[in-house]
Protein chains: 2
Amino acid sequence: MPSQPTIRDVAKKAGVGIGTVSRVLNNSPKVTPATRQAVLEAISALGFRPNSVARALPRKSRIHNLGVITQPFTSFYPFAQRLRGVQFALRELDAEYEVVLYNVSSLPHYEERLRTIVRTGAVDGLIIIDLDLFDEQKQMLRDANLPFVGINHFQDRDWPCVGTNNYEGGYLATRHLIDLGHRDIAYLGDLFVDLYEFNTSYERYSGFQRAMREHNLSVPEEYVRLGFHDYQIAKEQAADLFALPKPPTAVFVMSDNQAFGCLAAAREAGLRVPQDVSIIGYDDLEISLHVNLTTVHQHLELSGRMALEYLLQVLKGEDAVVPSLPPLEITRRGTTGPVSPGRKKR
Amino acid sequence: MPSQPTIRDVAKKAGVGIGTVSRVLNNSPKVTPATRQAVLEAISALGFRPNSVARALPRKSRIHNLGVITQPFTSFYPFAQRLRGVQFALRELDAEYEVVLYNVSSLPHYEERLRTIVRTGAVDGLIIIDLDLFDEQKQMLRDANLPFVGINHFQDRDWPCVGTNNYEGGYLATRHLIDLGHRDIAYLGDLFVDLYEFNTSYERYSGFQRAMREHNLSVPEEYVRLGFHDYQIAKEQAADLFALPKPPTAVFVMSDNQAFGCLAAAREAGLRVPQDVSIIGYDDLEISLHVNLTTVHQHLELSGRMALEYLLQVLKGEDAVVPSLPPLEITRRGTTGPVSPGRKKR
DNA sequence: TTGAGGAATGGAACCGCTTCCATACCATAA
DNA sequence: TTATGGTATGGAAGCGGTTCCATTCCTCAA
């Protein structure tokens, strides 16, 4: 018997009926101790383990699963806060759903994963975080009648997304620095197109560029530093920036994680923050409060909550519209300040 | 038809057989466009959504689920790093399991959740993080033949745990401070018994006490500060500590999260770290590197990985033993240093 | 001794899908 | 016209459990 033994195998082995085995499995009181004993022995002799799927089938109230699919996460990836929003809302609303977490490590992996999810019907709804949905996949999900919602930066996609506006955020962050009197502002961020064909960095950079242009400020080529999203890499890039003959007086870093690297580079270069250099991040991670980082607040937890609420409505069969997040805002803390006169170069 | 329509309802409505409906659902090519169209219309007219459970049942290769059950998490809760260890290992080993995440918000909730998991057979294995398992539950899991493993601080429990030794960790941290010349050392941590009847804080405190005793150092009552695990609360407690007539020259804080609060309090009190006061945390979160915090490294990610590997072996039917984590070690960074002579009070 | 009632037990029916075999249908070739 | 073969389709069987009804077996009272 190479495959998993079933309840019938157990029944045969124990010399009882399948009903009795089921009763033992479910701790029904109406089983003789002796019988129970025999069944338990058969179970462990065969290494029987009930098939969870078959078990769930006859139940009136289904167990519902919600899939959350995203890139592999590190503690700095804002994902954790979004997921928390989902979980908290789930609890508050007392929704009978469990969260199944899917991490995909590449685009092909992502597409394959979606296909599997649809094929196996593993979940009843899907929250797609920081990933795009391509036409083929979208159609597949629709055909399968599987409700889904994204959390990302799309505001006008033809699929439901709780979206944030990176362009606006980049603009706001840069305006903040300009308003403080800075003129020599650098941009530090991810490569413009990441592994998942997301262009978050480019969008934030575009907002940065727009703000600079509006104020007739130029951005020397060496003030734009792009690299893989990583603390250490950001730190190195920032060190290069600070070693320039004419270093910037402020840096807009496209993520808090990278801003931490930038902060460390400033410290090592002997620069005081914000007296010598202002640094603004993007995300407003919880930890950023403790690091006292000025940053762009993008309602991470709220985005998870909103996505969940929308999905729940759809699942209930209600007509739902994707809610809009409140506007982005700057969380002012200690890493940005007015340009210091003694340091001003022009 | 109040309950969910089934594939038979769809078939009847579309005037086709159930096989055809199934074929449409599964994108089989051998369906006439006209037929497909009719079926799709019936599907959306009825609001039909395939039952994921029933769908999964007939498949040869089951979808396997691993449950991860833990307390609700914040970004500082070391849980995230543990979960990452699990996910990474899962990917590396190419294991066909998905992770189902359960957050429980109280002890009764936890017990009920376990019962539900067993009853519904929702998962094939369970990783229990930072929660104890009581006799009744343990028996229940065993009866159900549901393999489980814990990640926590138990080293000699009668159930498999990847355990860490808090007592040892507290001792090490304190020794580190004593070796640097500190004599007036405070303890800042959680209440001794938390919501889940875990006594992590007490264990670490006991290690602290032992180290102090071994060196004939006394701990004044006001040097022991306990409070709910929270940045803000820790910050307030630390502020009280620094406002004492004779403040400590070093603080052992039982978690990095609380250590961040302590650091902030020191900053606000105008104390330089480590010149005026040394601070050591516990956990070694990723972020702690960036904050340059000296702390106790407890192999968080590795613990997730080990628990997973063990569970996978058990699921394969192999005889497995729970692996031991490598010894705890101090990660020395910038927040601890020798006691500064100018400040020494005795 | 007999009948009634309760408890343990066996197993058919069923949960909602997929799969596969048999059938019906159509087009083409002879 | 008939034979052939390929394709779309219907629906029975089956996935591995739970549930419930019928049956058997006891025990106890009359």
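Below, chains carry the letters A, B, ... as their sequence lines are ordered, and counting in each starts from 1.
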Please give me the minimum heavy-atom distance between [X] and [Y], naming the atom from each residue.
X        : Y        : value
B:Ala320 : B:Val314 : CB-CG2, 4.0 Å
A:Leu114 : A:Leu126 : CD2-CD2, 3.6 Å
A:Leu308 : A:Ala89  : CD2-CB, 3.4 Å

Please determine, for the side chain of [X], which listed nucleotide ([options]) has the closest atom?
X       : options                : value
B:Arg23 : C:dC17, D:dT9, C:dG10  : D:dT9
B:Pro50 : D:dG17, C:dC17, D:dT18 : C:dC17
A:Ile18 : D:dG16, D:dG10, D:dT18 : D:dT18
B:Phe48 : D:dG10, D:dG16, C:dC17 : C:dC17
B:Thr35 : D:dT9, D:dG17, C:dA8   : D:dT9

*Measuring from B:Phe134:CZ to B:Glu111:CD, what's the distance to the nearest 0.5 Å?*
6.0 Å

*Taking atom CZ of B:Arg82 and atom CD of B:Gln298, what is their separation to the nearest 0.5 Å?*
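Nearest 0.5 Å value for the CZ-CD distance: 5.0 Å.
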
_Could you check whether the side chain of A:Arg8 and the base of D:dG14 have a donor-acceptor pair of N or O atoms closer than 3.5 Å, going by distance alone?_
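No, no donor-acceptor pair under 3.5 Å.
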
Could you state the [atom1]-[atom2] distance from [X] to [N], rounded to the nearest angstrom?
X       : N      : atom1 : atom2 : value
A:Arg36 : C:dA7  : CZ    : P     : 16 Å
A:Lys12 : C:dG11 : NZ    : P     : 12 Å
B:Ile7  : D:dA13 : CD1   : C1'   : 15 Å
B:Leu57 : C:dC14 : CG    : P     : 17 Å
B:Asp9  : C:dC15 : CG    : P     : 11 Å
A:Asn27 : D:dG17 : CG    : C1'   : 16 Å
A:Ile43 : D:dG16 : CD1   : P     : 16 Å

*How do B:Thr20 and B:Ala54 order along DNA chain D: which one's closest nucleotide is nearer the 5' end?*
B:Thr20

*Which part of the nucleic acid does B:Ser22 contact within heavy-atom distance under 4.0 Å: base, sugar-phosphate only, or nothing?*
base

*Looking across every strand, which nucleic acid part, if any, lies under 4.0 Å from A:Thr32 by heavy atom: base, sugar-phosphate, or nothing?*
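Result for A:Thr32 = sugar-phosphate.
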
*State whether A:Asn51 places a side-chain N or O below 4.0 Å from either non-bridging phosphate oxygen (OP1 or OP2) of D:dC15.*
no

